[in-house]
Amino acid sequence: MTDKTSISQPIASIDKHHLDQVGRAWSRMVDCITHDLKTPLVSLRMTGKHLEDMFGNLVKGYELAVENNLMEASISERHLTAAQEMLVPEIQSEVTEILDFINLLHPYNQQLFATSEATKQLNIQDCLENIVKNHFLTNEKERALLHIECSHNFKFQFAPIFIEFLFDNLIINALNFIEKEGKGEINIWTEEGDNYNLVHFQDTAHGLEETGLAEVFERFFSTQNDKIVPGLGFCRLALLQRGGNILCKAIKDESTDFIIKFPKI
């Protein structure tokens, strides 16, 4: 493959003390956000509900005032209809979505920086076998694209919820690329490194461009089945907190390989 352009994104080693400081700062920031934003947003949602309940009568009052020449018509019928049918419900929907996000963020944050007692000892072979049962692999055609080789089985300490989100994100991303390119497969295999146990997630649909590699861990949250869940950035932070890591390498126009590093126990 010497004629291919190889692109990689190494992740620099991070000092554990510095990481702990960053973690505590992140945790405090999230707690402040959830506390300071939640109360006014709840008040705003209640106000929106009251406005929605009375908006119909306000419109009728305006229309009667115009009909009886008590005031000039200053709002078009189209704008009135849009405000009644779309504007107020849209405000309610947006506020509810933000509150749902905040309600999810707080417990995820607590688990991310919880003590080691909150994690469990997991078996990588069991975790990989669960991918096949995952609801994102919706049919036999998708399952046929997935090839798993667990030649090196190992145990690791991690929060189950984050390993599930991590694998889900990688599978969904790979399936999206395969669908977009109309080709490719997903190869997952394990190996033993000097200081870490490794899991490779490779899709052969398309090798990420350099700009894509630079942005791959920027999304801290994603949406799955209309629910906000931790994205690759959040899962990477969870790995770092446990002494692990994840990096992404790509061979342009050929494949993308995510390498997950779990500390040996």
Side-chain angles (χ1 to χ4, degrees), residues 19-115 118 135-136 159-166 168-169 172-173 176 215-241:
L19 182 61
D20 288 341
Q21 288 182 320
V22 172
R24 285 193 294 270
W26 165 279
S27 184
R28 287 195 297 269
M29 179 187 70
V30 170
D31 287 341
C32 287
I33 289 173
T34 56
H35 178 270
D36 294 344
L37 290 185
K38 193 169 183 178
T39 299
L41 282 170
V42 170
S43 298
L44 181 60
R45 184 168 63 178
M46 291 176 61
T47 301
K49 182 65 172 64
H50 293 321
L51 180 59
E52 187 175 19
D53 292 340
M54 69 176 69
F55 201 76
N57 289 330
L58 291 174
V59 172
K60 289 179 182 178
Y62 167 79
E63 291 174 339
L64 285 171
V66 171
E67 289 175 8
N68 290 278
N69 298 315
L70 297 176
M71 64 181 298
E72 293 184 2
S74 58
I75 308 174
S76 70
E77 187 68 26
R78 180 171 60 87
H79 287 150
L80 277 176
T81 301
Q84 188 168 5
E85 295 182 355
M86 297 176 58
L87 180 60
V88 175
E90 182 68 19
I91 292 173
Q92 288 288 85
S93 175
E94 292 291 338
V95 171
T96 298
E97 187 173 330
I98 295 171
L99 281 170
D100 288 344
F101 172 72
I102 289 175
N103 288 334
L104 286 170
L105 181 59
H106 187 62
Y108 287 152
N109 182 65
Q110 286 183 319
Q111 291 186 60
L112 180 62
F113 296 104
T115 60
H135 63 277
F136 291 115
I161 189 171
F162 287 122
I163 199 68
E164 179 181 341
F165 286 134
L166 174 61
D168 283 353
N169 274 286
I172 291 170
N173 288 345
N176 287 339
E215 298 170 357
V216 72
F217 296 112
E218 287 187 358
R219 291 193 63 184
F220 268 63
F221 293 92
S222 61
T223 303
Q224 295 178 9
N225 295 327
D226 297 323
K227 181 180 179 182
I228 299 172
V229 300
L232 282 180
F234 207 103
C235 293
R236 176 178 179 268
L237 192 55
L239 280 165
L240 290 169
Q241 280 295 117

Residue list, side-chain contact (heavy atoms from CB on, under 4.5 Å) with I75, at least two apart or on another chain: Y62, H79, L80
Pair M71-V66, side-chain contact (heavy atoms from CB on, under 4.5 Å): steps then yes or no: CA-CA 5 Å; M71 64 181 298; V66 171; 4.2 Å; yes
Non-hydrogen atoms of F165 and N169 that approach each other most closely: O-ND2, 2.7 Å
Min side-chain heavy-atom separation V216-N173 under 4.5 Å: no
Distance (rounded to the nearest 0.5 Å) between L232 CG and L237 CG: 12.5 Å
Minimum heavy-atom distance L41-V95, with the two atoms named: O-CG1, 3.4 Å
Those residues that, when tested against T96, pass side-chain contact (heavy atoms from CB on, under 4.5 Å) (two or more places apart): R45, D100
